[in-house]
2 protein chains.
Amino acid sequence: MPLPHAFTVEPHDHQDCIDTAIDVATQICAERSMRFTKIRQRVLTLIWSGHQPIGAYAILEALKSEYPRAAPPTVYRALDFLIEIGLIHRIESMNAFVGCTHPDERHTGQFLICESCGAAAELDDPSINDAVQRSAGELGFLAQRQMIEVTGLCPDCRPNG
Amino acid sequence: MPLPHAFTVEPHDHQDCIDTAIDVATQICAERSMRFTKIRQRVLTLIWSGHQPIGAYAILEALKSEYPRAAPPTVYRALDFLIEIGLIHRIESMNAFVGCTHPDERHTGQFLICESCGAAAELDDPSINDAVQRSAGELGFLAQRQMIEVTGLCPDCRPNG
DNA sequence: ATTAAATATGTTGCGCCGCAACAAAATTAT
DNA sequence: ATAATTTTGTTGCGGCGCAACATATTTAAT
């Protein structure tokens with residue numbers, strides 16, 4: 001079952017999102033002989049608690065209920081790990097983190113972020129990617145990583161539905 | 001004279017960049033009856049001291065030689081002012097600021113950032129903008145502001161010239 | 001099993017980023 | 001001159017992010 005993005009028209013059982021994310025993570029880590037530890041699981045679950053990007057210190061606060069000894073490095077290490085294997089993304093304009101809804105595909109980091117409800121939907125639009133690649137290429141620039149963050153209003157929050 | 005972007009093929013007299021940026025700023029402020037104070041001038045000049053985005057506290061350090069009483073708010077106020085009138089941009093992925101090379105046009109904030117030399121070139125590519133708008137529209141998202149930051153290697157820094 | 005190597009987590013501490021809140025000064029308008 | 005507006009000075013704080021070192025845990029080698 002694929003992960004829905006934040007702006008799916010039909011409401012979804014969000015627990016499925018979390019479960020799927022954990023399943024995918026478990027599988028990826030197994031394939032690569034990496035350790036999907038309890039802490040990493042918990043951090044990923046917390047990030048997937050909603051479709052809104054969440055800050056590291058908010059994660060830390062939630063984590064402390066189960067791991068009273070957790071400190072900032074506890075969280076940042078888990079975040080680094082999850083980013084490294086492509087399970088979460090960092091939203092640069094928010095200093096926050098969100099679950100990746102395209103964990104298998106090659107992702108470039110395209111996001112629509114609702115200023116009203118805070119939800120972030122990940123895109124994977126080749127036409128955007130192509131336009132960026134072409135424009136960069138025209139200047140002789142070798143593009144390696146794209147950060148595209150578009151703020152605005154999601155379907156549920158915009159005035160006319 | 002237009003402001004060159006960071007990756008112009010021919011080297012340029014960078015003092016011209018600074019002078020032009022100040023001239024443009026002076027004119028815009030005059031038109032809008034806003035005060036282009038010494039501090040704001042100085043901050044804009046410091047930002048334009050190179051094509052590399054510069055952090056607020058680096059600006060502060062440089063500013064202190066002339067304004068020993070300068071403090072973080074001194075800089076952030078000037079930055080807010082300059083951003084407000086579109087003379088500089090904030091690079092979200094770097095927590096840094098760079099001069100706007102399209103101060104007259106409606107700008108969306110598209111940047112190519114060289115990971116080697118740190119220079120940032122501003123784009124204003126309608127095809128990127130269009131692709132983003134269309135993609136957002138397909139999901140019913142009302143796009144208001146775009147943040148596009150592409151990291152990679154500039155022509156001078158990439159392996160094969 | 002024991003030991004060694006690798007990996008993950010605990011702990012302390014710090015530097016950078018950004019701004020709120022209030023006070024003082026400077027500019028502009030009346 | 002006086003008042004209103006705008007800018008700058010000053011103090012202080014909270015969030016973000018990680019370096020550096022210590023400890024614990026897991027995995028690999030003997």
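A quick note: this is a predicted structure, and the numbers were derived from the prediction, not measured. A note on names: the letters A, B, ... follow the listed sequences, proteins ahead of strands, and every chain is numbered from 1. Heavy-atom basis, side chains included; hydrogens, waters and symmetry copies ignored.
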Q | Per P73(A) side chain, nearest of listed nucleotides dT11(D), dA8(C), dT11(C) | A | dT11(C)
Q | Interatomic distance where CD1 belongs to I59(B) and P belongs to dC19(C) [whole Å] | A | 13 Å
Q. Separation of L60(A) atom CG from dT11(C) atom P, in whole Å?
A. 13 Å
(Q) If you assign each of P72(B) and F97(A) to its closest nucleotide in DNA chain D, which residue comes earlier from the 5' end? (A) P72(B)
Q) Hey, does the side chain of S135(B) reach the backbone of A131(B) with a donor-acceptor pair shorter than 3.5 angstrom? A) no
Q | Base of dG18(C) paired with side chain of Y57(B) (donor-acceptor, under 3.5 Å) | A | yes
Q. Between atom CZ in R40(A) and atom C1' in dT7(C), what is the gap in whole Å?
A. 8 Å
Q.
Counting C-beta onward and ignoring hydrogens, is there a side-chain heavy-atom pair between D130(A) and S127(B) closer than 4.5 Å?
A. no
Q) To the nearest angstrom, how far is M34(B) atom CE from dT8(D) atom P? A) 12 Å
Output a table of donor-acceptor pairs, distance under 3.5 Å, between side-chain atoms of residues 23-35 of chain A and any protein atom two or more places apart or on a different chain; print 'none' if there are none.
{"residue": "T26(A)", "atom": "OG1", "partner": "I22(A)", "partner atom": "O", "Å": "2.7"}

Let me have the donor-acceptor pairs involving side chains of residues 82-90 of chain B, under 3.5 Å, with sequence neighbours excluded, atom names and distances please.
{"residue": "H89(B)", "atom": "NE2", "partner": "E122(B)", "partner atom": "OE2", "Å": "2.9"}
{"residue": "R90(B)", "atom": "NE", "partner": "E92(B)", "partner atom": "OE1", "Å": "3.1"}
{"residue": "R90(B)", "atom": "NH2", "partner": "N95(B)", "partner atom": "OD1", "Å": "2.8"}

Q) From the list dT9(C), dG9(D), dG18(C), which nucleotide is the closest neighbour of the side chain of R90(B)? A) dG18(C)
Q.
Using whole Å, what does the distance between atom P of nucleotide dG17(D) and atom CE of M94(A) come to?
A. 12 Å
(Q) Going by ring-ring contact (aromatic ring centres under 6.0 Å, His included), name the pairs with one or both residues in residues 15-69 of chain A, residues two or more places apart or in two chains. (A) H12(A)-H51(A), H14(A)-H51(A), W48(A)-H51(A)
**Q.** Nucleic acid contacts - residues 74-87 of chain A versus DNA chain C, non-hydrogen atoms under 4.0 Å
**A.** T74(A), R77(A)
Q) Rounded to the nearest 0.5 Å, how far apart are CG of L79(B) and OG1 of T74(B)? A) 10.5 Å
Q. Would you call the rings of F7(A) and F141(B) parallel, tilted or perpendicular, where under 30° means parallel and over 60° means perpendicular?
A. parallel
(Q) Using whole Å, what does the distance between atom C1' of nucleotide dC18(D) and atom CG of N95(B) come to? (A) 14 Å
Q) In B/S/- notation, 5' to 3', how is nucleotides 25-30 of chain C contacted by protein heavy atoms closer than 4.0 Å? A) ---S--
(Q) Rounding to an integer number of Å, can you tell me how far F36(A) CZ sits from dT7(C) C1'? (A) 17 Å
Q: Please answer: with hydrophobic residues joined when any side-chain heavy atoms are less than 4.5 Å apart, are V132(B) and L142(B) in the same cluster?
A: no
Q | For T151(B), all residues meeting side-chain contact (heavy atoms from CB on, under 4.5 Å), sequence neighbours excluded | A | R145(A), M147(A), I113(B), E115(B)
Q.
Between C1' on dT7(C) and NZ on K38(A), what's the gap in Å once rounded to a whole number?
A. 18 Å
